[in-house]
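Below is one structure, written out as structure tokens; the observations come after it.
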Amino acid sequence: MANIASIVALIRDAILGKDVREALASGIETINTEVENTTQRQTTLETNMAVVEANEVVRIDNELGRVEAEDQRVSEVDAIVAAYDAATKANLSVEVSNARTSTVKNKAFGVLDDRLEEIEQDHKTHLAESAQEINLLNSQMTVVSNDIIDIQAEIISNYTSLDTKIDAQASGSPKGVYPTLADLETAYPTGNTNIYIVSADGHWYYWSGMAWSDGGQYQAVLSSFANKLNNSDAAANITTTSANSNIHINGLGLWFIYSGYSASYQIIPAVAGHIYYARVKITTDSIGKLQNKFRLYYSDGTYTESGISTIPINGISSQLITATKTLNANITIRTATIIGLVTRVNQMVVDLTDLFGIGNEPSLTEFEELLNNFPNAWFDSSNDINFIQSVLLNTFLSSKNDIVEQNTLLIQQSYLPSQVLKTISRNTDKLILWYDIDKKIVYAVDSDLVVTDRIQLYASDDYGITWENVFTANAGIRRFYTLESGYHILNTTSSRLQRVAPDFNGYADWVGDTVTSCLNSALGFAEHDGVILYAEYGNTVGTNYRILKSIDDGVTWTVANDGTTIFHWHSIQVDPYTGYFWACSGDSEDDCKIMCSEDGGATWVTKTSGLQSDRAVGLVFYENEVIWAMDTAGTKPYIMKANKANFVPVQIGEVPYGATTLGVSKTIDGLTFGWSRVEENSSQRESCVLWVTNGITIKEIQKFAIKPENVINTVTVGFTDATMIDDENKWFGNAAGTVLDGLLGFVLPLGI
């Protein structure tokens, strides 16, 4: 900035006019320059202020927008909070309402405190009952411990009398059989008060407090004089030299003609009062040259003789002989008056008293029922006889003659003689209706009553070991099914479908036409996505057998397929991979169809038809294909499969023994499992079979021999009614007319 004061001083001090003028001019110029500079700065300042003011206006506008947006967000959050509060309140109301209701007791409480009070009271009662049970168990454990000590003392003091002494101990009965000690230790790592048999060594084991301890041999091997029983065709040919002589049965595969005792032949340590089972099979050209009569020749020269009868046309001679002396003995079979060549195929001698205990010996027929479950009804020559210990055989026959106590663990851990199936139960007085594979409940009716009198429904939650009468119908119960909702559907001899509450309290009829029974409960009902289908079955010509449909949990029913293009329906199922319904029908070529509905039963597409190979009773579903077996006896039955995409049926192979397959299910390891029966036109009538396939190979699981009287009669025998397989590979079926009549429960083997 210019120094104005110095310029003013120059003007005042100037004397001469020119100096005054110069001082004035210089001052004015200086002031003008300063004014111009000031004016320029003012202009710049005003310009800058204008920019600042413009920016401030923008900032203020932006701030106002932000405030407005924040207000909107706050409003939205307030709305969300309000909605959440309302929903939470509603949910809490529902939860509180649900908490006041007990579905187990089917009871609603006025306030939650009332229900909690009742729960506390129930808990108090349960604790009191548990205390009583614990006291009782402690008492029983004391008794068992004392008995085990007594048994050990008996074993040490007198090993040869172990069988009788163990049988005499009521609380010492084995409660299960395990293949190895390791299996027992896995099943009960902390022990219990029971004793168990280990098949590997034939010993019984008890819990010592720290580990499972060996109690010694549980009964001697079945026969000390024949460690292996022959099942080959290696018998030597022998010629009888005279009529009415005896042929000694020798364990080395030879026969010797002799009329008396010889220490050179097979020796049996006979015990007075023991009952012996003797059995021989001869070739067909030898029939007529032997009597069905056996002798025990004692070392003192005397003998005991069995009864006599004609040897059957199958060439099997078998009798029971009761020893009268405790001496070494030979066993012989008598020859007939016809002299000639006699060829034996098999032979067997069993001490039934040693096996089952005094007074518990089975009859000839009962013991041979058991033998009929071995291949060709004989022990295999490679099978050590000590596998068939008395506890296993007792278990197998216990349901028939009560040889030993039926116990859940004992039965579940015991194997059939084939060593393939594990038995769950056998009931000769029950018929299977339905197995609820989710709740593990078996339902059955009485088998010894005509169908119109089978009004009592029984349920078992221990796989058929014990039964409870849960419902009484107003007519004979033919079929039974449990819906996903828990309600039950009954088909009775009143030709009605009846809907029963989950707790079996009352029932209601279907208001509509009468209905016929389905072929099989396991395959006659199907349910998916709120749709229930039911397939009728019958054999009356001119009757339309239908597929019925319910979309209100079985309250009402309509017709989904009127059956005009088929004779009758075999099955209705749901494909778990697609949710589609599939139906199978029969029986003539025109009636044989496999059909599919993709719209809940509204419309149906025929996948294959016109051949007996299309005659199926159920399908097993895989992701890309289905497998079934032929329901036919008039032609050779095959196991079939087809790809879902093009559905061209192809043969996997023949059904074993040419049996008619009546149903299929999938095992837990993904195999197709089938059960069968023998019909009047079956090519063979000796046996029916359980089989499995992986879609490539077929394997026989178990053959069931048909009773001799049914082999020659044209009756339908074997498995008709059976169940689906649960997630533990358990399965139930009715074996009608076989050597094992009754309701049978099995754990199926894994693999093929």
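These numbers were taken from a predicted model, which means no experiment stands behind them.
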How about T322 and H274: do any of their side-chain heavy atoms sit closer than 4.5 Å? no

Distance-only donor-acceptor check, side chains Y458 and D446, under 3.5 Å: yes

Any donor-acceptor pair under 3.5 Å linking the side chain of N710 with the backbone of I706? no

Measure from the ring center of W691 to the ring center of W675 and say whether it is less than 6.0 Å. no

Check: D721 side chain, I432 main-chain N or O, donor-acceptor pair, under 3.5 Å: no

Can you give me the closest heavy-atom contact between Y463 and V442, atom names plus distance? CA-CG2, 4.3 Å

Begin with the C-alpha distance, continue with both residues' side-chain angles, and end with the deciding distance and a verdict on side chain to side chain donor-acceptor pair (under 3.5 Å) for D183 and T180. CA-CA 5 Å; D183 293 326; T180 65; 3.0 Å; yes

Please confirm whether the backbone N or O of E679 pairs with a side-chain atom of R685, one donor and one acceptor, at under 3.5 Å? yes

Has K730 got its NZ or CZ under 6.0 Å from the middle of the six-membered ring of F746, at an angle within 45 degrees of the ring axis? no

Ignoring hydrogens and geometry, is there a side-chain-to-backbone donor-acceptor pair from Q684 to E686 under 3.5 Å? yes

Side chain of N292, backbone of S318: donor and acceptor closer than 3.5 Å? yes

Over all atoms of both residues, closest heavy-atom pair of A323 and V271: CB-O, 3.3 Å

Give me the ring orientation class for F704 and F719: parallel if the planes are under 30° apart, tilted from 30 to 60°, perpendicular past 60°. perpendicular

Looking at N427 and K430, would you say the former's side chain and the latter's main chain have a donor-acceptor pair under 3.5 Å? no

So, the side chain of S687 versus the backbone of K703: is there a donor-acceptor pair under 3.5 Å, distance only? no

Which is it for Y657 and E700 under the side chain to side chain donor-acceptor pair (under 3.5 Å) test, yes or no, and what are the steps along the way? CA-CA 9 Å; Y657 305 103; E700 169 194 339; 2.9 Å; yes

What closest approach, in Å, do L431 and S447 show between heavy atoms, and which atom pair accounts for it? CG-CB, 3.4 Å

Could you go through T660 and S676, starting from their C-alpha distance and side-chain angles, then the distance that decides it, and tell me whether this counts as side chain to side chain donor-acceptor pair (under 3.5 Å)? CA-CA 5 Å; T660 299; S676 69; over 6 Å; no

Parallel, tilted or perpendicular for F732 and Y435, by the 30°/60° rule? perpendicular

Carefully, step by step, assess T332 and Y303 under the rule side chain to side chain donor-acceptor pair (under 3.5 Å). CA-CA 10 Å; T332 67; Y303 65 85; over 6 Å; no

